[in-house]
Structures are given as structure tokens and as C-alpha cells.
Trainee: 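Could you have a look at this structure, given as C-alpha cells, before my questions?
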Amino acid sequence: MTDGIANDRLEKLAAMQQAGQDPYPARVAKGQPIADLLSDFAARTGQIVTIAGRLGQIRDFGKLRFSHLTDRTGALQVAFQRDRLPTFWPERKLIEGNDLVSITGELGTTQKGEPTLWANEVTLACKALRPAPEKWHGLTDTEQRYRMRYVDLFANPEVRQAFAQRSKIVREVRHYFDSLGYLEVETPILQPIFGGASARPFVTHHNALDMKLYLRIAPELYLKRLLVGGMERVFEIGRVFRNEGISTRHNPEFTMLESYEAWADYRDIMARVEGLFAHLVQTVLVGKSVVHFRERDYDLKPPFQKARYLDLFAQQNPGVDWFDHASCVARARELHLKVDGIEPAKLANDVFEATVEDTLLGPIFVHDYPVAISPLAKRMREDARVTERFELFVAGMEIGNAFSELNDPIDQEQRLREQVAHKDDETPGEIDVDYVTALEFGMPPAGGLGIGIDRLCMLLSGASSIRDVVLFPLLRRLEATGEESKGP
RNA sequence: GGGGGCGUAGCUCAGCCGGUAGAGCAGCGGCCUUUUAAGCCGUAGGUCGCAGGUUCGAGCCCUGCCGCCCUCACCA
């Protein structure tokens, strides 16, 4: 396993150990945040301070050497001067670029005016046995960046920044719902029956109970049980798992926000979504509501456009009746879509996706979806063929999905029964009877919402691939070779 | 699963028509007290993704495989 470890670094490590120095001390002098030092640097000139972090490449001038030290908040130049470091100087070469160090010294500037810490004391905090990637380009090979994200993160500051942004987005989403009196809850990830969406699940097994379990594809059915229980405003931000293809918009595990609010309908939830975006624009984007995503600009400042699902369908498919199977089949053939063995409702929706989705630059709310593709949504008062449901699209990408929740247990059971009857790989094999029972106890009228947090992050940070907002995207395991195959 | 692209030193990349494997950075040995992609001199570093094949000769051509990226399909 010494592959990639430079020999000279091992030699330096051995030299230090021989000299009685610990290359991996448990504790070193803690550093002050570099950003704090830089914020009022002029006033701090002459102060003795300690900073700690990773050392950059060293620029050597004989009796003077420069480097930069990076911590979580920023980077500061460090100068090592022979005359200031009588004991450290002879062994200065044992500490090199990419090592983690704690340095105490005096703040000052160089002749060129660069803020600099003039080191008086240097302590190795951790010897790095592998060098940093190339200083100018960083790590660019995408495969390496994903497989060794830890290197990507320290070598490419903009990557650190992107994930700091993700953290901020999640925090502000949480803050928004919190401020509306929603309770944050956690529901089962291991589920005996999967439901709440349409996707193939990951399957696992509990040994002690000898029970088949699924990793959740959505938390929906559990969250709505909480509405029955009187928790009138709840939300969950958590991982869901879908055993589907991988693409720039799909990772097998991703983060979903779901929220449910009693005594609200989908119109109220639409307002909540706009409120959420207004909040994110203000906090995360600091007022700059236009984001650049995949070669285009999008203004995320509400209010958003609205359009009926069936109107959009009719616009792009003139003369085609969504509810008439024969006419949808003809249109699907025209579009070279798969027709055989596809449920009529799914086929009609496939036509919608093929013809409409790409045109939804948005942000736009598409609303009033047909019942057949909305098994958990309440029917519209005016037209029982469609439901009170909307999806939010930006850049042709589905960001959110919401509806007035179906709370009629009899209608719900019927729809679940139909689903199971037309079961495919993505339908639960059985009805979640307990969920129907819960509805029988009475669930208040409510509006629910689901938002893909990863896609939201993509949009807000302009990342064109979901892998750029997921720290450790799923990759195929590399074939173990020889001794590397030995595991713990 | 289909189509396209890529894989060469630790990193970033060259490598022409098939003819001894290259550079920069990082490293190592020197010189240098104000650099910040420091500079200069010297030095070391390779299973060219893997396995076959064609050829006098393969990083380059052919076949298969592995991995990654893009794209289409799939994925409400």
C-alpha cells in the first residue's frame, strides 16, 4: 500500500522519529482563524499569534523561505527566517509542502505589502506522506476528484466553497420551516413496505427479525401519519434511496425535503415554495436572484409563472387527448417512445415529459396533474380527472412536487389497489394497509411538499452535475488488485 | 443498454506517418533574505488502464475487458 507514497517523505518521517520528534502529536498550539487576522490586519501588525493548517508549496531563498498556510477560513503567507528560528532552521527541510503545521509568529508585511506571519516557532501537527496535486491546476481529473474527494477539497478551494454553500442552503431551508412553526422529525429509513413515490427500491434484510426491508424511496407515508397524530406542521430533510440509473441529475442516494402542513391546500403550499425561494435568494444568494445554470440565466425571485399540466400538454401535442389511449399511443410512436407494455397513464405522461419538460425553463409551477399519475393527491373540486398538485420546474429540471394530500381513506385504498393491480418493479408489492388505517382515523386536510435538495443546490450554485453537490457520489468500485484487496 | 470521448511520471499535459518515453510542477542535491505559478544549475522518477493480436518493431493499428466523462434511453 505504499503506492503513491514518496520515499523521501518516509525518510523525513523516520528522521523525525529518530530525533525523538512526534510526527503525529495529539495536540499542538491551536490556531486563530486566518480570516479574523486578515479582517483587521493593519491593526494587528506586531502581534504574536498562532495559526494552524496545511502548508502550501515552499518558496526557498536560502536564508528565507515563504509559503502559504491554509485553514478553514482562508490562507496567510508564512515567512521562515533563519535568524528567527535558530533551532528549527537546521531541520527545516523535514517540514515540507502539504504537511499540517501549527506556527506561532509575528504579524507583519513583506516589502510588497503582503500580510505575513513571521514564524518564531514551528510545530509539525501531521506529516503528510503524499504530496499535494499540482499547485496551479489542482486536481482536475474528474474520476480522481470524486474518488479522492478529500484531495479535491484541499486542493481546490472552490470545491470547499461549493459545499459550504450547500451547508448554508440546508441551514436556511431548515430555518425557513422552523420559523413557520414546523417541527423537524425523523422517520424510518428502513421500511417493511416502500411507498410514497414510484421508484425501484434497494432491498435489505434484518437478521434478528428475519425480515425483508427496503431503504425508503420517500418518507411521505410516515410523515402523513404524523398529521393524523396531531403534529400539524412537520418536515424532514433526509436521505432517500432509489435503485435507478445514474446521471448528471440522479444519484442513487439523494437528499429530500418533505414538509406537511395541516389546514393548508396546494395553493398555500405554492405560496410556501415562493416564500422559501424568497428566503433563499435573500440569505444564500444575498439578494442576487439571477443564477447561471447550464448556459442560461434564471431569475429565482418569486412570484413564478404558472401553467396547467393539460394546457401545456395540449400546446405541445395539438389534437392529442391525454385521456384517450389510442391518440397517446399514436403520438408516442411519432416521438419514438416505447409503447409496448406501458400503462396508459404512464404513456400519456411519457409524452408530456418528452414534449413539454425541456420547454419548462421557468421557474414555473406546472399544476393540476391527472389523477392516474398522482395516487396520493386529492382530486380537484371542479374536475375529478385531475388533482390539486403542482411541480416546480427550473431549467427543465423537476425541483419540487406538492399537492393537497388525499385524506379520503376509501379513495386512497382504491387507488393503491389499482396501483398494485398494475404492479411493475416500481410499485410496492402490497398495499400499506396501516397507512389506510391511519387515514381512517382522520387526517386533517393538508398540503405537502417535496424538494430535491441536491437539485436545489445545483441550481443555486450553478453546478451542472449532481456529483458536484454530493460530497461522495456513488462510483463503481475499482477491481481490487493484489495485496490492496486485503481489507480490515 | 445504445452512441461519442478519454485513460502516458505523484499532479497537469505533449508524444507527428508505427522506429530508443518527453516537458512543466511536485521530489532530491546545490546557489540565493522579499517571493507569491519565484529564478538558476544539476539529478532522479514509467507495467503508456488491463489482456491478447498484427508487425522486424506498438503509447500509436486491431479485438476484448476495466474505469471515468458526455449524451440518448430508463428514471412520474
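Within every chain, numbering begins at 1; the chains are lettered A, B, ... in the order of the sequence lines, protein sequences first and strands thereafter. Values below: every heavy atom of this structure, side chains too, minus hydrogens, waters and symmetry copies.
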Trainee: Would you say B/rC68 has OP1 or OP2 under 4.0 Å from some side-chain N or O of A/Q144?
Mentor: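 It does not, given that no N or O in the side chain of A/Q144 lies less than 4.0 Å from OP1 or OP2 of B/rC68.
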Trainee: What does A/D141 touch in the nucleic acid at a heavy-atom separation under 4.0 angstrom: a base, only the sugar-phosphate, or nothing?
Mentor: sugar-phosphate
Trainee: Can you see if the side chain of A/R476 gets near the phosphate of B/rG67 - specifically, an N or O under 4.0 Å from OP1 or OP2?
Mentor: yes
Trainee: Considering only atom C1', compute the distance from B/rG7 to B/rC13 and round it to an integer number of Å.
Mentor: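 My reading of the C1' atoms in B/rG7 and B/rC13 gives 13 Å.
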Trainee: Want to settle it: does A/Y146 or A/I373 sit nearer the 5' end of RNA chain B, counting the closest nucleotide to each?
Mentor: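 Residue closer to the 5' terminus by nearest nucleotide: A/Y146.
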Trainee: From the set B/rU34, B/rU12, B/rA76, return the single nucleotide nearest to any side-chain atom of A/Q81.
Mentor: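 Of the options given, the side chain of A/Q81 lies nearest B/rU34.
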Trainee: Measure from NZ or CZ of A/R385 to the centre of the six-membered ring of A/F323 and say whether it is under 6.0 Å with the direction within 45° of the ring axis.
Mentor: yes
Trainee: To the nearest Å, give me how far apart CG (A/L475) and C1' (B/rG49) are.
Mentor: 16 Å
Trainee: Under 4.0 angstrom, heavy atoms only, what part of the nucleic acid is A/R147 near: base, sugar-phosphate, or nothing?
Mentor: sugar-phosphate
Trainee: Students often get this wrong, so: under 4.0 angstrom with heavy atoms, is A/S374 touching a base, only sugar-phosphate, or nothing?
Mentor: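 Nothing, no heavy atom under 4.0 Å.
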Trainee: A/D60 CG to B/rG29 C1': how many Å, rounded?
Mentor: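 Checked: the CG to C1' distance equals 12 Å.
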Trainee: Using the rule given for side chain to side chain contact (heavy atoms under 4.5 Å, CB included), can you reason through A/I217 versus A/F202, listing the C-alpha separation, both sets of side-chain angles and the distance that settles it, and then say yes or no?
Mentor: CA-CA 9 Å; A/I217 58 172; A/F202 286 90; over 6 Å; no
Trainee: Does A/H250 make a side-chain donor-acceptor contact with the base of B/rC75, cut-off 3.5 Å?
Mentor: yes
Trainee: Using the P atom in both, what is the distance from B/rA58 to B/rC50, to the nearest Å?
Mentor: 15 Å
Trainee: For A/D141, is there an ion pair with A/R145 - N to carboxylate O distance below 4.0 angstrom?
Mentor: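 Answer for the salt bridge query: no.
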Trainee: By nearest atom, which of the nucleotides B/rU33, B/rC69, B/rG27 is closest to the A/T142 side chain?
Mentor: B/rC69
Trainee: Categorize A/K135 for me: base, sugar-phosphate, or nothing, with a 4.0 angstrom heavy-atom threshold over every strand shown.
Mentor: sugar-phosphate
Trainee: Considering only the P atoms, how many Å lie between B/rG64 and B/rG1, rounded to the nearest integer?
Mentor: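 Per the computed distance, 15 Å lies between those P atoms.
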Trainee: Answer with base, sugar-phosphate or nothing: what part of the nucleic acid does A/N98 contact at a heavy-atom distance below 4.0 Å?
Mentor: nothing
Trainee: Is A/G97 touching bases, backbone alone, or none of the nucleic acid, heavy atoms closer than 4.0 Å?
Mentor: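 Contact class for A/G97: none.
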Trainee: Just how far, in rounded Å, is P of B/rA76 from CD of A/E418?
Mentor: 18 Å
Trainee: Please report the C-alpha distance between A/D411 and A/R379 in whole Å, then the side-chain angles of each, then the deciding distance to 0.1 Å, and finally whether the salt bridge (charged side-chain N to carboxylate O under 4.0 Å, His left out) criterion is met.
Mentor: CA-CA 10 Å; A/D411 190 0; A/R379 292 175 203 265; 3.1 Å; yes
Trainee: Quick check on the 6.0 Å ring-centre criterion: do A/Y266 and A/F403 meet it?
Mentor: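 No, the ring of A/Y266 stays outside the 6.0 Å limit from the ring of A/F403, centre to centre.
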Trainee: Nearest-nucleotide wise, let me know which of A/E398 and A/E96 is further upstream toward the 5' end of RNA chain B.
Mentor: A/E96
Trainee: Write down the distance between CD (A/E114) and C1' (B/rU34), rounded to a whole number of angstrom.
Mentor: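 Computing the A/E114:CD to B/rU34:C1' distance gives 10 Å.
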Trainee: May I ask you to say what A/R145 touches in the nucleic acid, namely base, sugar-phosphate or nothing, with a heavy-atom cut-off under 4.0 Å?
Mentor: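 Touches nothing.
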Trainee: Please determine whether a side-chain nitrogen or oxygen atom of A/T110 lies at a distance below 4.0 Å from atom OP1 or OP2 of B/rU34.
Mentor: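 Checking A/T110 against B/rU34: no side-chain N or O falls below 4.0 Å of OP1 or OP2.
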Trainee: Say we look at B/rG39 and B/rU33: how far apart would their C1' atoms be, to the nearest angstrom?
Mentor: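 One C1' to the other, the span is 15 Å.
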Trainee: For A/E11 and B/rG29, give me the distance from atom CD to atom P, rounded to whole Å.
Mentor: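 It is 9 Å, rounded to the nearest whole Å.
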Trainee: In whole Å, what separates the C1' atom of B/rU47 from that of B/rC40?
Mentor: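 These two C1' atoms come out 36 Å apart once rounded.
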Trainee: I want to verify the glycosidic state of B/rC13; is it syn or anti under the 90° rule?
Mentor: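 It is anti.
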Trainee: Within 45° of the ring axis of A/F154 and under 6.0 Å from its six-membered ring centre, is that where the NZ or CZ of A/R54 lies?
Mentor: yes
Trainee: On the six-membered ring of A/Y222, is A/R225 placed so that its NZ or CZ lies under 6.0 angstrom from the centre and within 45° of the ring axis?
Mentor: yes
Trainee: Is there a Watson-Crick or G-U wobble partner for B/rC65 with both distances under 3.5 Å, and which nucleotide is it?
Mentor: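 Base partner found: B/rG49.
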Trainee: What integer distance in Å separates A/M256:CE from B/rA76:C1'?
Mentor: 12 Å
Trainee: Consider the side chain of A/T248, meaning its heavy atoms from C-beta on, and name the nucleotide among B/rU34, B/rU71, B/rU36 that approaches it most closely.
Mentor: B/rU71
Trainee: In whole Å, what is the span from the CZ atom of A/F61 to the P atom of B/rC40?
Mentor: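 Those two atoms, CZ and P, are 12 Å apart.
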Trainee: Within the structure, does a side-chain N or O atom of A/R65 lie under 4.0 Å from either OP1 or OP2 of B/rU33?
Mentor: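 Checking B/rU33 against A/R65, no side-chain N or O comes under 4.0 Å of OP1 or OP2.
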Trainee: Is B/rG42 paired to anything, Watson-Crick or G-U wobble with both distances less than 3.5 Å, and if yes, which nucleotide?
Mentor: B/rC28
Trainee: Confirm from the modelled atom types if A/E134 and B/rG10 form a donor-acceptor pair under 3.5 Å, side chain to base only.
Mentor: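 It does not, because no donor-acceptor pair links the side chain of A/E134 to the base of B/rG10 below 3.5 Å.
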Trainee: Provide the Watson-Crick or G-U wobble partner of B/rG1, both distances under 3.5 Å; none if there is no partner.
Mentor: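 Its partner is B/rC72.
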Trainee: For B/rC69, take OP1 and OP2 only and decide whether either is under 4.0 Å from a side-chain N or O of A/R467.
Mentor: yes
Trainee: Remember a base hit wins even if backbone is also touched, and classify A/P473 as base, sugar-phosphate or nothing at under 4.0 Å, heavy atoms.
Mentor: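 The answer is nothing, as A/P473 stays clear of every strand by at least 4.0 Å.
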Trainee: Roughly how many Å apart are B/rA21 and B/rG57, using the P atom of each and rounding to a whole number?
Mentor: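 That atom pair is separated by 15 Å.
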Trainee: Determine the minimum heavy-atom distance between A/A348 and A/Y309, stating which atoms define it.
Mentor: O-OH, 4.5 Å
Trainee: With rounding to the closest Å, how many angstrom separate the P atoms on B/rC16 and B/rC60?
Mentor: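 Each nucleotide's P atom is 11 Å from the other's.
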Trainee: Send over the distance from A/K63 NZ to B/rA38 P, rounded to a whole Å.
Mentor: 21 Å
Trainee: Below the 4.0 Å mark, does B/rC75 have OP1 or OP2 next to a side-chain nitrogen or oxygen of A/K346?
Mentor: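 It does, given that an N or O in the side chain of A/K346 lies less than 4.0 Å from OP1 or OP2 of B/rC75.
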Trainee: Could you work out the separation of B/rA37 and B/rG18 based on their C1' atoms and round it to a whole Å?
Mentor: 37 Å
Trainee: Please determine if A/R149 forms a cation-pi arrangement with A/F472, meaning its NZ or CZ atom is less than 6.0 Å from the six-membered ring centre and no more than 45° off the ring axis.
Mentor: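 The answer is no, since A/R149 fails at least one limit relative to A/F472.
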Trainee: Taking a pair as Watson-Crick or G-U wobble with both distances under 3.5 Å, which nucleotide is matched to B/rC13?
Mentor: B/rG22
